[in-house]
4 protein chains.
Amino acid sequence: MRKEPRQARSRATVEAMIEAGARILGDEGWAGFTTNKVAEAAGVSIGSLYQYFPDKLSLIEGIRRRHLDDCLAVMRRSQKEGRPVMQFVEALVGDMIAAHSIHPGLHEVLLDEALSFDGLRDPHSSFEAEYLACYQAAVATYRAQETNANDYTVSLIISDAIDGVIHNAARRGMLEDPDVKNELVRMIGLYLSAGGEGPTG
Amino acid sequence: MRKEPRQARSRATVEAMIEAGARILGDEGWAGFTTNKVAEAAGVSIGSLYQYFPDKLSLIEGIRRRHLDDCLAVMRRSQKEGRPVMQFVEALVGDMIAAHSIHPGLHEVLLDEALSFDGLRDPHSSFEAEYLACYQAAVATYRAQETNANDYTVSLIISDAIDGVIHNAARRGMLEDPDVKNELVRMIGLYLSAGGEGPTG
Amino acid sequence: MRKEPRQARSRATVEAMIEAGARILGDEGWAGFTTNKVAEAAGVSIGSLYQYFPDKLSLIEGIRRRHLDDCLAVMRRSQKEGRPVMQFVEALVGDMIAAHSIHPGLHEVLLDEALSFDGLRDPHSSFEAEYLACYQAAVATYRAQETNANDYTVSLIISDAIDGVIHNAARRGMLEDPDVKNELVRMIGLYLSAGGEGPTG
Amino acid sequence: MRKEPRQARSRATVEAMIEAGARILGDEGWAGFTTNKVAEAAGVSIGSLYQYFPDKLSLIEGIRRRHLDDCLAVMRRSQKEGRPVMQFVEALVGDMIAAHSIHPGLHEVLLDEALSFDGLRDPHSSFEAEYLACYQAAVATYRAQETNANDYTVSLIISDAIDGVIHNAARRGMLEDPDVKNELVRMIGLYLSAGGEGPTG
DNA sequence: AATGAATGAGACTTCATTCAT
DNA sequence: CATGAATGAAGTCTCATTCAT
């Protein structure tokens with residue numbers, strides 16, 4: 001960001017621009033996301049937008065930071081001391097679904113931005129590191145038994161599977177379907193609870 | 001397509017354009033995908049591209065059709081008569097990883113196009129229907145026990161979880177990691193084999 | 001128009017674009033009329049042109065509206081209370097010649113646009129209606145005697161004959177020739193003054 | 001033309017291209033007139049078109065020559081020895097209306113081509129000279145009395161007035177209206193028959 | 001600080017014309 | 001000769017960004 005907002009009015013302006021940008025990016029994707037449209041939706045002039053964000057990339061990164069902070073907050077909330085594994089998984093899946101429901105589509109657009117926007121600085125790695133660290137902590141706590149795979153790999157499997165199911169459910173408008181949630185919880189729960197021997201086929 | 005290629009020369013041209021387009025779309029995403037760049041990469045003039053594809057969207061759809069045909073072929077190959085469940089899951093996951101390795105990133109770009117490109121006709125629904133039908137057939141065959149959820153929901157969970165894990169692994173350059181494959185196979189296998197009771201937490 | 005010019009600067013810009021467009025359309029016809037050329041002739045960037053006119057057609061319509069307003073003003077000026085018929089015809093023809101002299105060729109290009117430019121909204125019908133209404137009023141006042149034809153048909157004959165003579169005279173660079181004007185006045189005057197019996201041949 | 005057609009087949013091909021071009025130019029105007037479209041409509045390949053017409057301009061000139069020859073034939077037919085003036089005018093107007101009805105719009109498009117196509121060689125002047133010579137002969141024969149204006153000017157007035165009325169009637173779809181024809185005949189007849197004194201106003 | 005008019009590189013697309021088959 | 005695939009200059013239009021007010 002070009003300039004740290006000092007006054008309350010400035011902070012509100014920045015808020016409005018990030019919020020408007022998140023909405024447009026989630027609703028219309030990269031194709032509909034133009035700086036002029038964001039400025040108009042935020043109720044400010046294009047000149048003001050460039051006062052706070054030196055270019056389009058900065059605006060995107062502002063939107064991403066905001067969204068990822070929200071996600072991390074959700075993640076941490078799901079891990080309360082001493083919860084049994086199934087309660088954790090249920091809370092986690094439920095909260096992730098809720099997080100995706102605020103700006104449907106936004107999450108995936110932001111994670112895939114590398115595919116859509118070359119020059120993006122720090123391609124979400126710092127967020128992702130922290131994000132995965134949360135998963136890893138949970139895995140270390142709840143994992144039933146050691147397999148060949150380390151905790152990190154198991155974290156990836158879980159986070160990415162949840163991601164995939166929720167993302168595609170959102171695409172299909174099935175984010176509210178209780179069966180989807182239940183089956184996802186069941187799959188993750190089975191995976192975490194099972195011993196290393198795996199299913200016998 | 002605007003014109004069906006008749007001569008061998010024009011068939012090769014269309015091939016080259018679709019191949020170049022797939023590579024650019026997979027490597028550089030929507031942002032790098034311009035008709036001029038595709039024409040240049042295919043070694044033809046921009047005019048030739050527009051002789052066969054009336055507009056950019058048609059080219060994208062051509063690329064998608066080609067890719068989806070490839071995917072369906074892979075899907076069907078994994079289901080051989082009488083295989084035990086774990087062999088099926090291993091073949092499926094292995095083949096999907098292989099399919100994603102040809103043009104890394106292409107698959108997700110094409111499935112998410114709705115988010116990035118407004119006017120795409122027939123948003124992959126006809127492909128997806130057939131794609132899911134393959135999964136559903138496998139689920140009907142291999143599913144251990146009835147739960148509340150129907151076969152369709154279980155198909156979604158499996159296909160989308162595999163999708164999510166592979167897509168994100170590709171993003172991280174971990175598509176070749178054997179642990180990722182093994183754990184993914186283990187998770188899907190457990191989910192398919194487990195009875196309806198679910199894990200106890 | 002996409003955007004109403006608010007500041008004085010932008011009003012001047014729109015003026016310049018319409019004026020430059022009229023000149024180019026009159027001088028070079030449809031073939032020479034490109035948005036880039038108009039922008040350059042107006043001394044603005046192509047982006048500014050598209051800020052006020054959403055597409056090429058809108059610019060053409062802007063030019064037409066301006067020209068037609070000018071024409072109607074001329075038409076109305078020619079009809080003063082109580083003038084004898086020959087004074088009216090002389091004033092009318094003289095003013096029409098003057099109107100055509102500002103941007104020679106523009107008038108015909110604009111009336112014939114349907115032949116040259118497909119998508120033009122409202123093909124000059126609303127202008128033409130008002131234009132012909134002026135002629136009809138004059139015919140009702142000055143017509144010597146009833147024939148089988150109604151006032152509307154007579155209006156068409158007069159307006160289109162004047163149109164044809166002036167247009168072709170302009171084409172030949174004879175717009176200033178006094179004989180052309182005198183003979184045209186004589187023909188229209190004879191036609192209006194003659195009784196319904198017609199010439200005997 | 002690049003090459004004089006020698007064989008019957010070639011002559012038929014050239015015929016087809018000119019006919020198709022006239023139709024497209026009349027129906028769709030300059031905007032719809034492309035060499036590829038003409039070739040397709042004529043049922044030949046674009047390569048064949050360029051075998052006989054070295055460029056687009058040549059094709060246009062071919063179409064024009066054909067059309068003007070038709071017009072001249074009509075013109076000459078109207079002037080039979082010893083006809084009274086009104087019979088001549090009626091025949092002339094009737095034939096001109098008929099000529100315009102074959103390819104409505106074509107005549108005006110061709111006469112105004114200077115406005116639409118810069119580089120047209122010999123902008124219809126040689127045709128026009130002959131065309132006007134026909135009118136002038138008729139004027140010399142039928143004109144009632146000398147005025148200040150010479151025969152040439154009177155020819156212009158008549159030909160251009162007829163042109164304007166017919167052209168605009170065609171534009172309005174009123175080419176078949178008998179009132180239009182009758183009034184046009186009456187106006188021209190009055191003008192030719194009247195003495196030099198003009199109407200008194 | 002805020003505004004919004006202005007800029008112009010670059011994207012998509014057309015179509016007159018050429019040339020290998 | 002005929003075909004039609006290929007070419008590329010040129011035109012329309014968008015949108016990130018700047019800067020005078």
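So you know, we letter chains A, B, ... as the sequences are listed, proteins then strands, and number each from 1.
When heavy atoms are screened at a 4.0 angstrom cut-off, A:T35 is found touching base atoms of the nucleic acid.
Remark: DNA chain E forms stems of 3 or more consecutive Watson-Crick or G-U wobble pairs, all pair distances under 3.5 Å, at E:2-21 with F:2-21.
In this structure, B:L59 atom CG and E:dA11 atom C1' are separated by 14 Å, rounded to whole Å. Remark: P of F:dT14 and NZ of A:K37 are 12 Å apart, rounded to the nearest angstrom. Spacing between atom NZ of B:K56 and atom P of F:dT14 amounts to 14 Å, rounded to whole angstrom units. One atom, CG of B:N36, and another, C1' of E:dA9, lie 13 Å apart when rounded to the nearest Å. Between the OH atom of D:Y52 and the C1' atom of E:dA16 there is a distance of 20 Å, given to the nearest Å. Protein atom CZ of C:F53 is 15 Å distant from nucleotide atom P of F:dT12, rounded to whole Å. The CH2 atom of A:W30 sits 18 Å away from the C1' atom of F:dT14 (whole-angstrom rounding). Distance CE (B:M17) to P (F:dA5): 11 Å, rounded to an integer number of Å.
By the side-chain contact (heavy atoms from CB on, under 4.5 Å) test, D:A16 is found to be paired with D:A42, residues two or more places apart in sequence or in another chain being considered. Taking A:A170 as the reference, A:L175 meet the side-chain contact (heavy atoms from CB on, under 4.5 Å) condition, with sequence neighbours excluded. Under the salt bridge (Lys or Arg N to Asp or Glu O under 4.0 Å) criterion, C:E15 pairs with C:R66, sequence neighbours left out.
Scanning residues 38-49 of chain B for heavy-atom distances under 4.0 Å to DNA chain F yields B:V44, B:S45, B:I46, B:G47, B:S48.
Between B:Y50 and C:T13, the residue whose closest nucleotide on DNA chain E is further toward the 5' end is C:T13.
When all heavy atoms are compared, the tightest approach of C:P54 to C:Y52 is CD-O, 3.9 Å. Pairing each heavy atom of D:L59 with each of D:M17, the nearest pair is CD1-O, 4.4 Å. In plain terms, the two heavy atoms of B:H67 and B:H107 that are nearest each other are NE2-ND1, 2.8 Å. Of all the heavy atoms in B:Y50 and B:D55, the pair that sits closest is CE2-CA, 3.8 Å.
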Could you pull out every donor-acceptor pair under 3.5 Å between side chains of residues 33-41 of chain D and any protein atom, sequence neighbours left out?
residue: D:T34; atom: OG1; partner: D:K37; partner atom: N; Å: 3.1
residue: D:K37; atom: NZ; partner: D:E28; partner atom: OE1; Å: 2.9
residue: D:K37; atom: NZ; partner: D:G32; partner atom: O; Å: 3.1

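B:Q51 has no side-chain polar atom (N or O) that falls below the 4.0 Å cut-off from OP1 or OP2 of F:dG4.
Distances from the side chain of A:D55 to the nucleotides F:dA6, F:dT17, E:dT17 place F:dT17 closest.
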query = Going through the checks in order, is the side chain to side chain contact (heavy atoms under 4.5 Å, CB included) test met by D:F53 and D:I18?
reply = CA-CA 10 Å; D:F53 300 97; D:I18 287 185; 4.0 Å; yes

